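The structure displayed is predicted, hence computed values, not measured ones. Every number for a ligand or one of its atoms is a count from 1 in the order of the listing.
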Amino acid sequence: MKLIKHFVNGKLYDGASERKSKIFDPSTGEQSGEVILASKKDLNLAVENAKKAFLSWSSKPPLQRARVLFKFKELIEKNSDELTKIIVSEHGKVYEDAKGSLTRGLEVVEYACGIPQLLKGEFTENVGSNVDSWSIRQPLGVCAGITPFNFPAMVPMWMFPMAIACGNTFILKPSEKDPSCSIKLAELFFEAGLPEGVLNVVNGDKEVVDAIIDNKDISAVSFVGSTPIAKYIYENCAKNEKRVQALGGAKNHCVVMPDCDLDQAVNGLMGAAYGSAGERCMAQSVAVAVGDIGDKLVDNLSKKVESLKVGPGMDKKSEMGPLVTKEHLEKVKNYVDIGVKEGAQLVIDGRKLKLQGYEKGFYMGGCLFDHVKKDMRIYKEEIFGPVLSVVRARNFDEALKLVNDHEYGNGVSIFTRDGDTGRTFSSQAKIGMVGINIPIPVPMAFHSFGGWKRSLFGDQHMHGPEGVRFYTKLKTITSRWPSGLRSGPEFVMPTMK
Ligand code: NAD
């Protein structure tokens with residue numbers, strides 16, 4: 001059985017803790033390994049190494065840092081099949097989807113390769129007579145990232161390539177449910193020439209997260225996960241004077257207007273609701289059917305949900321894989337029970353699905369609810385599984401109000417042929433990422449990713465220009481050389497006359 005260790009100071013590290021957590025292959029339901037859960041002492045040791053590494057890494061010219069990133073990019077491409085298989089084996093999502101998520105992470109590395117350009121500051125000659133002023137962005141020190149189970153490559157790669165390109169050193173605490181991909185990525189980065197201690201992976205649970213919050217030498221924390229934990233991280237990191245960005249859960253709506261291309265909307269919804277078994281923070285879990293399109297929408301969706309091909313992630317025919325753990329599978333099924341009790345109409349029930357040869361795997365079929373109401377728990381809470389709720393709205397204003405009144409604000413999309421409707425929607429939706437005829441509007445690496453409301457605590461989104469801002473601090477320098485105008489002491493605020 002595989003034993004997953006930490007990666008500290010350029011090598012695998014056992015740590016001092018005896019605590020372990022089980023790792024499962026969701027497609028078979030069998031245990032495939034164990035991960036060591038770090039103690040506070042292990043974390044502090046990793047931070048000590050990262051602090052030491054910061055001294056030389058932060059003073060390396062950005063171009064030299066970029067060259068290591070270019071090598072890392074090549075190694076990810078070379079090892080993409082192995083990395084993808086690791087994701088499938090511990091998360092369960094289907095191979096092509098896992099590969100796509102790895103590519104999305106790789107794109108952040110590609111963006112970070114441009115760090116010499118991204119770190120260029122601003123300069124003004126003669127802010128005053130013979131006085132020049134310029135601003136530069138400098139790294140923060142040791143940064144930490146705490147990541148969720150659902151994107152074991154992509155979400156860590158939203159963080160560490162940007163932080164490291166900016167000159168920081170990094171402690172990554174991946175999800176204890178699927179940690180192997182982070183270890184492999186750290187090994188590849190080290191192989192690419194990253195010095196010891198610049199990227200460290202410390203596995204663990206709440207104990208190590210609390211150690212990160214308490215450690216005075218960690219300057220900034222990036223978190224992605226559920227909203228209650230995001231809030232906990234945000235409040236406690238701020239209390240300990242750390243910079244923090246904490247991305248939380250979601251309940252993404254898809255507004256389907258009566259004038260839309262229905263095939264496009266239905267296909268978009270199928271991928272966005274059931275892809276990755278709904279375990280995506282940008283999954284669409286609510287379809288808002290506007291006007292008289294509801295019956296046609298539900299009819300078209302139900303045929304497709306019924307014929308959804310559920311199977312192991314490595315089977316090329318599978319469109320949807322298993323859920324991540326048995327506990328999560330039970331939680332999602334329980335939400336379906338709740339929806340039925342609340343009076344929503346369960347059009348397609350995937351709870352009973354069993355796969356021959358994979359009876360112990362964590363599978364369920366897609367579920368489709370109609371006539372879901374806004375006071376139901378299945379509407380208000382994040383389910384994070386293959387369950388789509390259709391809510392009926394009389395008109396555009398009612399649909400927009402649903403979107404804006406919801407506590408989450410990660411992503412939203414609208415399907416319409418009317419440009420005016422699309423533009424009004426994108427302007428008025430209180431949501432961080434909006435799609436117009438695009439079901440999953442995940443920004444590319446050179447833009448930034450983040451939600452509004454209780455989907456993100458903090459000021460800055462992840463990767464792209466916001467990533468550079470988060471992982472650097474601004475310094476503005478004003479200078480005059482002695483050959484300039486000489487004057488006596490000045491006791492008043494200098495201003496331009
Ligand atoms: P989670 O909140 O359970 O775990 C996230 C991280 O926090 C993990 O590393 C975990 O070890 C740690 N953690 C868990 N409980 C903790 C506790 N009590 N104290 C301290 N640390 C703790 O989330 P998850 O189940 O791994 O991931 C799914 C969630 O992540 C969903 O809510 C999903 O919407 C969200 N998510 C959000 C985004 C986004 O960009 N907004 C992206 C991906 C996932």
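Aromatic ring centres of Y379 and H406 lie closer together than 6.0 Å.
In this structure, S180 and K2 have side chains that are in contact, with non-hydrogen atoms separated by less than 4.5 Å. The side-chain heavy atoms of D178 and C181, taken from C-beta on, include no pair separated by under 4.5 Å.
Among residue pairs with one or both ends in residues 82-103, those qualifying as ring-ring contact (aromatic ring centres under 6.0 Å, His included) are H91-F149; sequence neighbours excluded.
Closest to atom 35 (C) of ligand 1 among all protein heavy atoms lies G225 O, 3.1 Å. Here the protein heavy atom with the shortest distance to atom 27 (O) of ligand 1 is P148 CB, 3.2 Å. In terms of protein heavy-atom proximity, atom 22 (C) of ligand 1 is nearest to I229 CG2, 3.6 Å. The single protein non-hydrogen atom nearest to atom 19 (N) of ligand 1 is K206 CG, 3.4 Å, given as residue, atom name and distance. Regarding atom 7 (O) of ligand 1, its nearest protein heavy-atom neighbour is F223 CE1, 3.4 Å.
Residue contact check for ligand 1: G451 places no non-hydrogen atom closer than 4.0 Å to it. Residue contacts with ligand 1: W158 is included, with a non-hydrogen atom under 4.0 Å away.
Residue G248 has at least one N or O atom closer than 3.5 Å to an N or O atom of ligand 1. Between F149 and ligand 1, a contact under 3.5 Å exists for at least one N or O pair. Residue contacts with ligand 1: S226 is placed with a nitrogen or oxygen under 3.5 Å of a nitrogen or oxygen of the ligand (distance criterion only). Every N/O-N/O distance between T227 and ligand 1 stays at or above 3.5 Å.
Side-chain polar atoms of K242 and Y234 form no donor-acceptor pair below 3.5 angstrom. Remark: the T84 side chain and the D81 side chain contain no N/O donor-acceptor pair separated by less than 3.5 Å. Residues Y335 and E381 have side chains that bring a donor and an acceptor to within less than 3.5 angstrom of each other. Side-chain contact of D210 with Y232: a donor-acceptor pair under 3.5 Å is present, judged by distance alone.
Proximity to C281 (heavy-atom distance under 4.0 Å) selects the following atoms of ligand 1: 34 (O), 36 (N), 37 (C), 38 (C), 39 (C), 40 (O), 42 (C), 43 (C), 44 (C). For ligand 1, the atoms sitting less than 4.0 Å from at least one non-hydrogen atom of N410 are 41 (N), numbered in the order shown with element in parentheses. Residue N150 has at least one heavy-atom neighbour below 4.0 Å for each of these atoms of ligand 1: 43 (C), 44 (C). Heavy-atom contacts of I146 reach the following atoms of ligand 1: 6 (C), 7 (O), 9 (O) (cutoff under 4.0 Å). Every atom of ligand 1 is numbered from 1 in the order shown, and the set under 4.0 Å from a heavy atom of V209 is 20 (C), 21 (N). Taking a cut-off of under 4.0 Å to the non-hydrogen atoms of E176, the atoms of ligand 1 that pass are 10 (C), 11 (O).
Between F170 and Y471, the angle of the ring planes goes over 60°, which puts this pair in the perpendicular group of the 30/60° scheme. Relative orientation of the F449 and H463 rings is tilted, given thresholds of 30° and 60° on the angle between their planes.
Considering each of D178, I383, T147, the one bringing a non-hydrogen atom nearest atom 6 (C) of ligand 1 is T147. Among F384, F151, F449, the residue whose heavy atom lies closest to atom 33 (C) of ligand 1 is F384.
The protein does not reach atom 4 (O) of ligand 1 closely, with no heavy atom under 4.0 angstrom from it.
Salt-bridge check for D459 with R469: failed, with every basic side-chain N at 4.0 Å or more from each acidic carboxylate O. Salt-bridge formation is detected for the pair D205/R19: a Lys NZ or Arg NE/NH1/NH2 atom is positioned less than 4.0 Å from an Asp or Glu carboxylate oxygen.
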> Could you go step by step and tell me if Y111 and F446 meet the ring-ring contact (aromatic ring centres under 6.0 Å, His included) rule?
Replying inline: CA-CA 6 Å; Y111 177 74; F446 33 94; 7.0 Å; no
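Only the side chain of E382 comes within contact range of ligand 1, with a heavy atom under 4.0 Å; no backbone atom does. With a 4.0 Å heavy-atom cut-off, ligand 1 is reached by no atom of E279.
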